[in-house]
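Every chain is numbered from 1 and lettered A, B, ... according to where its sequence line falls, protein lines coming before strand lines.
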Amino acid sequence: MASLELRNVQKSYGNSQIATLKDIALKIDAGEFLILVGPSGCGKSTLMNCIAGLENITGGEILVDGEDISQASPKDRDIAMVFQSYALYPTMTVRDNIAFGLKMRKVPAAKIEEEVARVAKLLQIEPLLERKPSQLSGGQQQRVAMGRALARRPKIYLFDEPLSNLDAKLRVEMRTEIKLMHQRLKTTTVYVTHDQIEAMTLGDKVAVMKDGVIQQFGTPHEIYNNPANLFVASFIGSPPMNFVPLRIRQRDGRWVGVLNSEQGSCELPLPITSDDGLRDRELILGIRPEQIGLAGVGTADFSLAVDIEVVEPTGPDTLVVFTLNQVKACCRLMPDQAPRVGETLNLQFDPRKALLFDAQTGERLGVVQPEPVRESKVPRLVSNGAGTAQ
Amino acid sequence: MSDFAQPRLTLGRLTIHATLLLACAVYLVPLIVMLLTSFKTPEDIRTGNLLSWPEAFSAMGWLTAWDSIGGYFWNSVKIVLPAVLISTALGAINGYVLSMWRFRGSQLFFGLLLFGCFLPFQVILLPASFTLGKLGLANTTTGLVLVHVVYGLAFTTLFFRNFYVSVPDALVRAARLDGAGFFTIFGRILLPMSVPIIMVCLIWQFTQIWNDFLFGVVFASGDTQPVTVALNNLVNTSTGAKQYNVDMAAAMIAGLPTLVVYVVAGKYFLRGLTAGAVKG
Ligand SMILES: Nc1ncnc2c1ncn2[C@@H]1O[C@H](COP(=O)(O)OP(=O)(O)O)[C@@H](O)[C@H]1O
Ligand SMILES: [Mg+2]
């Protein structure tokens, strides 16, 4: 168990002009589970390799337990990594795969035996110990890859998209298992994924990356409810947040945005106090599908009649698509509330959760809602302000 | 195999088989002629035709041939074994470095090495003999081994480099995190995976070096000459009547080792050559 801190970590590959990692800064406490998410090619694997020491950083510092390890060789960092491709040694048995790191560290044979047995029991791979990797299924290989990392009891685990090669069902199972394992072992973990369900469910902290820059670093709850910019808002959430172009006007001293449908229009109060020059900018309203619901009887506030264009039952809930300010928007209803295509539905928008973005820069605008009190005891390290990329 | 229905015998299929048989015959007939002739007596050769069966199998040709080139056969063994082993071992390490531990200029280095594959033997004769002379290795077995090793390195490096390029980098990264160093990773992880390409390399180098004539003629003399040169001397002697049975037997003796190597390890050769072709 160890804390991990990155101070303005930079990485450029030799031949390229553009830095792959730009001033990456974050800190997690001992035992915390950090999720790195971002689109393919944004530098997640590069960052993992830098932490592990497989790539040299070109600037900044990497601190483990407050000690700068950025010049140490990989084997001296006491960090274990699970690779997306598993990278099991093909000519060794499962037992030797797990024992290899211990042998290299000159652990006595009896101790190795004990450790392999412990890991095999933990991961339920005891019957597989004498097999070669090629004789294992994808899920079993995945377990062995994890076993190899667990055997050494390192200070930090790095997982680089460990579940992305598994089928959907196995992925869900392994996700739960990884979570259980982390709750038991409490080892500091950095976990890369582009699966946002993994990001939301596993992490104590989430760092959203794009083009080598951390867009936002915070708890899953913060990232979801208080995204720092349009990119973060669009990346997290499924189905994704609706983004609707918006005109604003002043009514009774408050700023409101106008929503139009084929059936009419309504005005939504906005979280801004002055126009801050907003009137000259193109704005985008962000509102999540679950923040749009059926308007109750007699609650005409912020409600709007829309024509239903597509209905997609997903099982637990039904997605309904309609047009809002000339773009397609989606809301999430209970299956028994679901209308049929062509019907007109009265929808209500939750103005407290609506977010405002600058269409040009993607910057978050207006007042950021205070974080609701949560039961979590994890202290928040960074409370992001609107539009700040950490 | 048993799952497939036996293909029906059609005209097209017959044509294919006939063509294949013909091709086989074209390649096999010289061998058969050589074998038959080597077991005939000189009279038998004069009276019979090329494909006639020997009247009595005589080992005389083989014994005489062995007497005259047997010593040179061992010369060849003494040249080939170290040359093949050293060039394969160095090629493996070169290939490992060039694929897994790229350094500044390693691409250029590899390009130059590749260029070495296209150098004809003749081009390096003078520089090589100059170098051997300077090293005091002229006309020695060691010198000939050195020339073969240096010339073969381009090929062996290419083989191993291309094989290791298809091995995922993550394997080496995982091993580094596990605490393994340069040679441990090579010896414990990569080398055990390399059996197919080692086989390719061994067979290729064995064939090249065993069958080499030019280097043998130029860089060895007298007692250190390889069997190919001895065979040439034997066959091209102009004194006395031509002893075809001895010539044929000697040629068989000189060619046998490569034949054996292909029969024993041939399946690895095909497997190894195609191994790098399919990327995971
Ligand atoms: N060894 C390398 N040399 C040069 N560029 C690289 C190397 N590895 C990765 N990159 C580049 O760095 C960027 C980030 O890659 P990566 O970290 O693998 O992304 P991710 O894991 O987020 O998909 C990509 O644009 C990629 O082309
Ligand atoms: Mg990656």
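Residue M104(A) comes nearest to D178(B) through the heavy atom pair CB-O, 3.2 Å, listed as atom of the first residue, atom of the second, then distance. Here the closest heavy-atom approach between residue A170(B) and residue S85(A) is recorded as CB-OG, 3.7 Å. Between A52(A) and L177(B) the shortest heavy-atom distance is O-CD2, 3.6 Å.
For the set M81(A), R77(A), K75(A), M92(A), the count of heavy-atom pairs under 4.5 angstrom toward chain B peaks at K75(A). In terms of heavy-atom pairs under 4.5 angstrom with chain B, the leader among A151(A), A149(A), S73(A), P74(A) is P74(A). For the set F83(A), Y89(A), F100(A), the count of heavy-atom pairs under 4.5 angstrom toward chain B peaks at Y89(A). Chain B forms the most heavy-atom pairs under 4.5 Å with one residue out of L54(A), V82(A), D76(A), and that residue is L54(A).
Within the 4.5 angstrom heavy-atom criterion, no atom of L102(A) approaches chain B. At a 4.5 Å heavy-atom cutoff, R104(B) makes no contact with chain A through either its backbone or its side chain. Both the backbone and the side chain of P192(B) come within contact range of chain A, with heavy atoms under 4.5 Å apart. Proximity to chain B is limited to the backbone of I79(A), based on heavy atoms less than 4.5 angstrom apart.
By the neighbour-count criterion of 12 heavy atoms within 6.0 Å, atom CZ of F130(B) is sparsely surrounded, having that number or fewer from other residues, nucleotides or ligands. For W74(B), the CH2 atom counts as loosely surrounded, since its 6.0 Å shell holds 12 or fewer non-hydrogen atoms of other residues, nucleotides or ligands. In this structure, F213(B) places its CZ atom where more than 12 heavy-atom neighbours from other residues, nucleotides or ligands lie under 6.0 Å away. Dense packing is recorded around CD of E173(A), with more than 12 heavy atoms of other residues, nucleotides or ligands lying under 6.0 Å away. Within 6.0 Å of the CG atom in L20(B), the count of heavy atoms belonging to other residues, nucleotides or ligands exceeds 12. By the neighbour-count criterion of 12 heavy atoms within 6.0 Å, atom CD of E126(A) is densely surrounded, having more than that number from other residues, nucleotides or ligands. Other residues, nucleotides and ligands contribute only 12 or fewer heavy atoms inside 6.0 Å of the CZ atom of F115(B).
Side-chain contact between P90(A) and L171(B): present, with at least one pair of heavy atoms (C-beta onward) separated by less than 4.5 Å.
A distance of 10.0 Å separates CG in D160(A) from CZ in R173(B), rounded to the nearest 0.5 Å. To the nearest 0.5 Å, atom CG of residue L191(B) and atom OG1 of residue T91(A) are 9.5 Å apart.
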